[in-house]
Q: 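Take a look at this one; I'll ask things after.
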Amino acid sequence: MYRWNPQRPSPMPSHRYRDVYSRVPVPLSERDWPGNRLTQAPLWVPVDLRDGNQALAEPMDPERKRRFFRLMVEMGYKEIEVGYPSASQTDYDFVRLIAETGLAPQDVTIVVFTPARRDLIERTVQSVAGMPNPVVIHMYAATAPVWREVVLGRDRDELTAMIAAGGTDILRLTGDRKDVRFEFSPEVFNLTEPDYVLDLCSAMTTLWEASPDRPVILNLPATVEVATPNVYADQIEYVHQNLDRRDSVILSVHPHNDRGTGIACAELALLAGAQRVEGCIFGNGERTGNVDIATLALNLHAQGIDPMIDFSDIDRVRREVEYCTRMPVHERHPYVGDLVHTAFSGTHQDAIRKGFAEHRARAAATGVPADELEWRVPYLPIDPADLGRTYEAVIRVNSQSGKGGIAHLLSSEYGIELPRRLQIDFARHVQRHTDRTGAEVTAKELWQLLQEVYLDSPAVTGEVLEHTSCTTDSGEVLTFVEYATPDGRGWIGGRGIAEALARVG
């Protein structure tokens, strides 16, 4: 232990757990993904109506599922997993609703989910009978050793036979439908032996006759996140490099968020060769959730890459998701939370205020519209306006704030531009107010406090040093006078120059 680190062992029973390297081989020794760059959006596949729905305390009723589905279509999603039709009548009926009512535009592919079990496969295929849209039948089976031994009670050979039988049933029931494609997920891929994953995937692409014109989706889930994101990237790249019929496969990932690094896992997996990402808008899902495909998409946007999904009215998206899931989105949730574009800290506020001013000046100087100009405002990774947000809540004032935030609110809400020395003086009054109340202060309260301190205070006796005037948005002229007395300097104000000067005797 370093002398500068005084930490000591905790009482936590960490010895009960094994690291990922002792649980599953990670055979990749040379890797390309660290040198790769993201240059385009993957195919996004929201699973809110299936994986997300099964994680809700109150699963969505038909009206909420329909509303959520329409939202995803409007946002531009072209492949949507809509349910687990063999698991409940509600899911089955919703798939039939899509099939029978034209709810989905023709360019939207409908994905349905099934275990590798004949009766459930048959029920799933029945649910998409007559579906006018392209369909993906998504079959899964848990393949990791603990799941094989504890849950399924099968060895590798027995599980391989079960998966092959399921794949054969799907092919038998749908093989003559050219509008149906196939997806296979070795559930808990990240804890499954790599050689076994390759054997299963190769068997499925052979059975389903994968071709470039009719590719098979191989989805590799981090069903329970157990390792740092670089390990998942290594596992994805190993499959990407060694997979049979690679040009006939859409390599997909489905990270969960048990370690809180689901987004990082997905991003590194894309660097490692993945082409498709399954997840939930805002990250709902079992335990700590599925990967958040809204954050993933907007991370691309912030790097200058079109996410191919429309988040230009993100508050509406949030309202719809909150209504459908009956779950609130956290105030600090990336991009969409109420506070993610808000600065309370004085140093942040000062930098943001100066950044906005520089952005406006640069737009005027170059003739480029402000909403098209390169964005480089400190502390704001993207322009809130890109997401349909206004700038009203970017700077808010509390006891942590400084003169820059106060000046910004008075300027943006009332058109009052205070000189720097007056900003410093007024900030001391605001600090005392917020320390006393412990609460945030609004622009309206700042305006009231400004009047109390400078406009409605008693007259003083002193020497006038200078005065400055400003006009509010309502057209009222305010004048502030800096004065000197034997005890020091101060400020007083009035409604107009004459009134202000008259108050310094």
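Side chains are part of it too, since the values below use all heavy atoms of this structure and drop only hydrogens, waters and symmetry mates.
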Q: With a cut-off of under 6.0 Å to the ring centre and 45° to the axis, is Arg318 in cation-pi contact with Phe282?
A: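 No, a cation-pi geometry is absent between Arg318 and Phe282.
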
Q: Between Asp19 and Tyr21, what is the shortest heavy-atom contact and its length?
A: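 Asp19 and Tyr21 have their closest heavy atoms at OD1-N, 2.8 Å.
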
Q: Is there a side chain to side chain contact (heavy atoms under 4.5 Å, CB included) between Val291 and Ile263? Walk through the geometry before answering.
A: CA-CA 6 Å; Val291 68; Ile263 289 169; 4.1 Å; yes

Q: Drop me the distance from Arg276's CZ to Leu218's CG, to the nearest 0.5 angstrom.
A: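 Result: 10.5 Å between the selected atoms.
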
Q: Please report the shortest heavy-atom distance between Val135 and Met131, naming the atom on each side.
A: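 Where Val135 meets Met131 most closely, the heavy atoms are CG2-CG, 3.6 Å.
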
Q: For the atom pair CG (Leu268) and CZ (Arg31), what is the distance rounded to the nearest 0.5 Å?
A: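 Reported value, rounded in 0.5 Å steps: 11.5 Å.
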
Q: Determine, stepwise, if the pair Leu28 / Gln241 fulfils side chain to side chain contact (heavy atoms under 4.5 Å, CB included).
A: CA-CA 10 Å; Leu28 197 65; Gln241 290 178 345; 3.5 Å; yes

Q: Answer yes or no: is there a side-chain heavy-atom contact under 4.5 Å between Met204 and Val216?
A: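 No, every pair of side-chain atoms sits at 4.5 Å or beyond.
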
Q: Applying salt bridge (charged side-chain N to carboxylate O under 4.0 Å, His left out), which residue pairs with at least one partner in residues 85-104 are found, sequence neighbours left out?
A: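 The answer is Lys65-Asp91, Arg96-Glu100.
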
Q: Could you work out, with side-chain contact (heavy atoms from CB on, under 4.5 Å) as the rule, every residue matching His301, not counting sequence neighbours?
A: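 For His301, the residues satisfying side-chain contact (heavy atoms from CB on, under 4.5 Å) (neighbours in sequence not counted) are Leu298, Pro307, Ile382, Asp386.
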
Q: Does a side-chain heavy-atom distance below 4.5 Å link Asp32 with His240?
A: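 They are not in side-chain contact.
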
Q: Do the non-hydrogen side-chain atoms of Leu38 and Leu271 ever get within less than 4.5 Å of each other?
A: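 They are in contact (side-chain heavy atoms under 4.5 Å apart), so the answer is yes.
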
Q: Do Leu198 and Val239 touch side chain to side chain, with heavy atoms closer than 4.5 Å?
A: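 Sidechains of Val239 and Leu198: in contact.
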
Q: So do Val224 and Arg287 actually touch side chain to side chain, heavy atoms under 4.5 Å?
A: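 Result yes, sub-4.5 Å side-chain heavy-atom pair found.
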
Q: Do the side chain of Trp208 and the main chain of Gly167 share a donor and acceptor less than 3.5 angstrom apart?
A: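 Side chain of Trp208 to backbone of Gly167: a pair is present.
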
Q: Run the salt bridge (Lys or Arg N to Asp or Glu O under 4.0 Å) test against Arg245 and tell me which residues pass, sequence neighbours left out.
A: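 By the salt bridge (Lys or Arg N to Asp or Glu O under 4.0 Å) rule, Arg245 matches no residue at all.
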
Q: Looking at Glu79 and Arg181, is any side-chain nitrogen of the basic one under 4.0 Å from a carboxylate oxygen of the acidic one?
A: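 A salt bridge links Arg181 with Glu79.
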
Q: Run the numbers on Ile80 and Val73 for side chain to side chain contact (heavy atoms under 4.5 Å, CB included), then give the verdict.
A: CA-CA 9 Å; Ile80 302 172; Val73 169; 4.1 Å; yes

Q: Using atom types as modelled and distance alone, determine if a side-chain donor or acceptor of Glu331 lies under 3.5 Å from a backbone N or O of Leu339.
A: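 Absent.
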
Q: Taking the inter-plane angle between the rings of Phe113 and Tyr84 on a 0 to 90° scale, is it parallel (under 30°), tilted (30 to 60°) or perpendicular (over 60°)?
A: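 It falls in the perpendicular class, over 60°.
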
Q: Has Glu74 got more than 12 heavy atoms of other residues, nucleotides or ligands less than 6.0 Å from its CD?
A: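 Counting other residues, nucleotides and ligands, CD of Glu74 exceeds 12 neighbours.
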
Q: Going by side-chain hydrogen bond (donor to acceptor under 3.5 Å, both in side chains), Asp350 matches just one of His348, Lys354, Arg353. Which one?
A: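 Exactly one option meets the side-chain hydrogen bond (donor to acceptor under 3.5 Å, both in side chains) with Asp350, and it is Lys354.
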
Q: Where the side chain of Arg326 meets the backbone of Met60, is there a donor-acceptor pair that is under 3.5 Å apart?
A: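 Not a single qualifying donor-acceptor pair exists.
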
Q: Might you point out which heavy atoms bring Glu278 and Ser252 nearest each other, and give the distance in Å?
A: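 Result for this residue pair: CG-OG, 4.0 Å.
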
Q: Got a donor-acceptor contact below 3.5 angstrom from the Thr288 side chain to the Asn257 backbone?
A: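 Checking the backbone N and O of Asn257 against the side chain of Thr288, a donor-acceptor pair under 3.5 Å is found.
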
Q: Only one of Val47, Thr223, Leu220, Val45 clears side-chain contact (heavy atoms from CB on, under 4.5 Å) with His254; which?
A: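 So, applying the side-chain contact (heavy atoms from CB on, under 4.5 Å) to His254 and each of Val47, Thr223, Leu220, Val45, only Val47 qualifies.
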
Q: State whether the side chain of Asn290 and the backbone N or O of Asn284 hold a donor-acceptor pair below 3.5 Å, judged by distance alone.
A: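 Yes, the answer is positive, given that a donor and an acceptor are paired below the 3.5 Å cut-off.
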
Q: Are the side chains of Pro221 and His256 in contact, using a 4.5 Å heavy-atom criterion?
A: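 Result no, sub-4.5 Å side-chain heavy-atom pair not found.
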
Q: So how far is it from Asp292 CG to His333 NE2, rounded to the nearest 0.5 Å?
A: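 Going from the CG atom of Asp292 to the NE2 atom of His333 covers 3.5 Å.
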
Q: Please report the closest heavy-atom contact between Val253 and Ala269, naming both atoms and the distance.
A: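 Answer, listing the atom of Val253 first, then Ala269: CG1-CB, 3.8 Å.
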
Q: Is it true that, when you exclude Gln303 itself, more than 12 heavy atoms of the residues, nucleotides or ligands shown sit nearer than 6.0 Å to its CD?
A: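 It does not: Gln303 CD has 12 such atoms or fewer within range.
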
Q: Near Met162 CE, under 6.0 Å, is it more than 12 heavy atoms from other residues, nucleotides or ligands?
A: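 Yes - once you tally the heavy atoms of other residues, nucleotides and ligands closer than 6.0 Å, there are more than 12.
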
Q: Is there a side-chain contact between Ile163 and Met139 in this structure, where contact means two heavy atoms from C-beta onward sitting under 4.5 Å apart?
A: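 A side-chain contact exists here, since the closest heavy-atom pair is under 4.5 Å.
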
Q: Judged by atom type as modelled, is there a donor-acceptor pair below 3.5 Å linking the side chain of His359 to the main-chain atoms of Trp375?
A: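 Here the side-chain-to-backbone pair does not exist.
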
Q: Verify whether one side chain among Asp213 and Ser211 offers a donor that lies under 3.5 Å from an acceptor in the other.
A: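 Their side chains do not contain a donor-acceptor pair, so the 3.5 Å distance test is not met.
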
Q: Between Trp33 and Asp234, does any side-chain donor sit less than 3.5 Å from a side-chain acceptor?
A: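 Yes.
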
Q: Are Tyr335 and Asn299 packed together at the side-chain level, in the sense that at least one heavy-atom pair is separated by less than 4.5 angstrom?
A: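 Heavy-atom side-chain distance check passes, below 4.5 Å.
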
Q: Tell me if a side-chain donor or acceptor on Glu183 pairs with a main-chain N or O of His138 at a distance below 3.5 Å.
A: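 Checking the backbone N and O of His138 against the side chain of Glu183, no donor-acceptor pair under 3.5 Å is found.
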
Q: With rounding to the nearest 0.5 Å, note down the distance linking CG in Leu171 to CD1 in Ile121.
A: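 One finds 11.0 Å between CG of Leu171 and CD1 of Ile121.
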
Q: Heavy atoms only: give me the nearest Leu270-Pro42 pair and the separation to one decimal.
A: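 Reported closest heavy-atom pair: CD2-CB, 3.7 Å.
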
Q: Indicate yes or no for a side-chain donor-acceptor contact from Asp244 to the backbone of Ser202 under 3.5 Å, with no hydrogens or angles considered.
A: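 Judged by distance alone, no pair lies under 3.5 Å.
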
Q: Return the minimal non-hydrogen interatomic distance between Phe69 and Val82, and the atom names on each side.
A: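 Reported closest heavy-atom pair: CE1-CG1, 3.8 Å.
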
Q: Taking Arg214 for the side chain and Lys178 for the main chain, is one N or O donor matched with an acceptor at less than 3.5 Å?
A: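 Not a single qualifying donor-acceptor pair exists.
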
Q: Could you walk me through whether Glu122 and Asp169 pass side chain to side chain contact (heavy atoms under 4.5 Å, CB included), step by step?
A: CA-CA 8 Å; Glu122 290 174 343; Asp169 287 333; over 6 Å; no

Q: So, the side chain of Arg148 versus the backbone of Thr143: is there a donor-acceptor pair under 3.5 Å, distance only?
A: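 Confirmed, Arg148 side chain pairs with Thr143 backbone.
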
Q: Just how far is it from atom CZ of Arg64 to atom CD of Glu320, taken to the nearest 0.5 Å?
A: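 Between atom CZ of Arg64 and atom CD of Glu320 there are 10.5 Å.
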
Q: Quick one: pull up CZ in Arg118 and OG1 in Thr168 and give me the separation to the nearest 0.5 Å.
A: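 Those atoms lie 9.0 Å apart.
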
